Amino acid sequence: MAPGGRHIEDQLIHRPQLWEAVTDRLRSAILTGEIPAGTKLVEASLADRYGTSRGPIREAVRELARQGLIVELPRRGSVVATLTSHDLAEVYEVREALESGASKAAIRRASDAELHALEALLVAMERAWEDGDWSLESVELDFAFHRALLALARNERMATTYEHMLTQNMHLLRTAAEATPTLRSGIEPRVHREIVEALTARDEARAGAAIDAHYRLAEERLFAQLAEPA
């Protein structure tokens, strides 16, 4: 191989493919509500929308189905998922399990500086919640905090699975917020601070208890809201 050939090959391997770009745009359209839950996805229409052939559309739909945003229904084809409170409960169970494992790994592997860096994300979240207002933007700050926690585990498979859960979580919260305008997501900055303090103290038991408290509080507040009549 000519000098520099390996470098060129690596660049080609890591260059995003067209279907990946389509996936990102279609995911964004679903998560923002531009393409609502329950919408039937027609390959030809999506190909016209994104200026591409049906091949990349088909790959994008397959990937988003793997992430739980799209489902295949008999005689209806591909449809944007309509997720329920039961689905949300399952997502939270998976998130909690992954965070518990990640916290143990982070305590073993992360540097003091990396653990303390969670503080900056926590402060941003607390500022967004000072007046108690709920918004999808504030949820994104919450997700950023938890995503950073998972990253400290240095486990790519764990992080990939968790990202799929966050994608479904955002879809669920957005559609729930539309149906229930008074919805509050159950985010509580206090329990996030307890998670940070436990991690920086490198106390596995305390971190596990703080993560458990976070999800019990989320269930208590969020699911109670969803159960209320409109």
Side-chain angles (χ1 to χ4, degrees), residues 8-95 98 134-148 150-151 155-181 183 185 187 222 225-226 230:
I8 293 174
E9 181 180 330
D10 288 344
Q11 286 183 322
L12 291 174
I13 291 174
H14 292 97
R15 181 180 297 166
Q17 298 185 47
L18 180 57
W19 73 266
E20 294 174 310
V22 172
T23 299
D24 289 341
R25 293 182 63 183
L26 183 54
R27 181 192 297 110
S28 177
I30 292 172
L31 292 180
T32 59
E34 184 180 342
I35 301 179
T39 300
K40 179 178 172 57
L41 299 174
V42 180
E43 285 184 7
S45 298
L46 290 174
D48 289 341
R49 179 187 183 119
Y50 295 119
T52 185
S53 64
R54 294 190 183 188
I57 298 298
R58 194 172 299 117
E59 291 294 329
V61 168
R62 185 177 296 118
E63 172 61 20
L64 293 179
R66 190 170 69 87
Q67 295 179 21
L69 290 183
I70 292 173
V71 294
E72 292 286 340
L73 298 177
R75 296 182 297 279
R76 288 195 63 190
S78 300
V79 178
V80 176
T82 301
L83 303 173
T84 67
S85 57
H86 174 74
D87 296 312
L88 184 56
E90 291 190 342
V91 167
Y92 273 21
E93 284 181 2
V94 176
R95 285 187 58 187
L98 289 171
W134 185 92
S135 67
L136 293 180
E137 290 73 21
S138 63
V139 174
E140 284 286 9
L141 289 171
D142 173 73
F143 285 3
F145 172 85
H146 290 278
R147 187 180 286 116
L150 261 289
N155 185 316
E156 291 186 8
R157 288 176 174 82
M158 183 181 287
T160 297
T161 301
Y162 192 77
E163 195 62 38
H164 290 172
M165 294 300 100
L166 290 184
T167 297
Q168 293 183 39
N169 207 159
M170 176 57 79
H171 183 47
L172 282 157
L173 289 176
R174 186 197 60 74
T175 53
E178 289 180 352
T180 311
L183 180 69
S185 72
I187 295 175
L222 176 59
Q225 286 277 346
L226 292 177

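Computed from a predicted model, the values in this text were never measured in an experiment.
- For Arg147 and Phe143, the positive end is not near the middle of the six-membered ring at less than 6.0 Å and at most 45° from its axis.
- Between the side chains of Asp87 and Thr84, a donor-acceptor pair is found at a separation under 3.5 Å.
- Nearest approach of Leu98 to Leu150, heavy atoms of both residues: O-CD1, 4.2 Å.
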Result block: side-chain N/O donor-acceptor pairs under 3.5 angstrom for residues 75-82, not counting sequence neighbours:
{"unit_1": "Arg76", "atom_1": "NH2", "unit_2": "Gly38", "atom_2": "O", "d": "3.4"}
{"unit_1": "Ser78", "atom_1": "OG", "unit_2": "Glu72", "atom_2": "OE2", "d": "2.5"}
{"unit_1": "Thr82", "atom_1": "OG1", "unit_2": "Gly38", "atom_2": "N", "d": "3.4"}

* Could you go step by step and tell me if Arg49 and Ile35 meet the side-chain contact (heavy atoms from CB on, under 4.5 Å) rule? -> CA-CA 12 Å; Arg49 179 187 183 119; Ile35 301 179; 4.1 Å; yes
* Could you go through the salt bridge (Lys or Arg N to Asp or Glu O under 4.0 Å) check for Glu34 and Arg25 one step at a time? => CA-CA 11 Å; Glu34 184 180 342; Arg25 293 182 63 183; over 6 Å; no
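- Within the 3.5 Å criterion, the main-chain N or O of Leu31 finds a donor-acceptor partner in the side chain of Arg174.
- Using a 4.5 Å heavy-atom cutoff, the side chains of Arg62 and Trp19 are not in contact.
- Under the rule for a side-chain contact (heavy atoms from CB on, under 4.5 Å), the partners of Gln168 that lie at least two apart in sequence or sit in another chain are Leu83, Val91, Met165.
- Note that CD of Glu63 is 10.0 Å distant from CG of Leu69, once rounded to the nearest 0.5 Å.
- The backbone N or O of Asp24 sits nowhere less than 3.5 Å from a side-chain atom of Ser28 that would complete a donor-acceptor pair.
- Proximity of Tyr92 to Asn169: side-chain heavy atoms (C-beta onward) are separated by under 4.5 Å at one or more points.
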* To do: Please test Leu26 against Val61 for side-chain contact (heavy atoms from CB on, under 4.5 Å), starting from the C-alpha separation and ending with a verdict.
  => CA-CA 8 Å; Leu26 183 54; Val61 168; 4.2 Å; yes
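- For the atom pair CE of Met170 and CG of Leu173, the computed distance is 7.0 Å after rounding to the nearest 0.5 Å.
- Taken to the nearest 0.5 Å, the CZ atom of Arg58 stands 13.5 Å off from the CG atom of Leu41.
- If you take CD on Gln17 and OG1 on Thr23, they are separated by 10.0 Å, rounding to the nearest 0.5 Å.
- Residue Thr167 holds its OG1 atom at 8.5 Å from CG of Leu64, rounded to the nearest 0.5 Å.
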* To do: Kindly determine whether Leu166 and Arg95 satisfy side-chain contact (heavy atoms from CB on, under 4.5 Å), including the steps that lead there.
  => CA-CA 8 Å; Leu166 290 184; Arg95 285 187 58 187; 3.7 Å; yes
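- Panel note: side chain Thr39, backbone Pro36; a donor-acceptor pair is recorded below 3.5 Å.
- Inter-residue side-chain proximity for Glu20 and Glu59 is flagged as unmet; no heavy-atom pair is nearer than 4.5 Å.
- Interatomic distance, CD of Gln67 versus CZ of Arg27, reported as 4.5 Å (0.5 Å rounding).
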* Output, in order, the C-alpha distance, side-chain angles, deciding distance and verdict of side-chain contact (heavy atoms from CB on, under 4.5 Å) for His171 and Ile30. => CA-CA 8 Å; His171 183 47; Ile30 292 172; 3.8 Å; yes
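- Using a 4.5 Å cut-off on side-chain heavy atoms (C-beta onward), Glu90 and His86 make contact.
- Here the side chains of His164 and Arg66 are in contact, with some heavy-atom distance below 4.5 Å.
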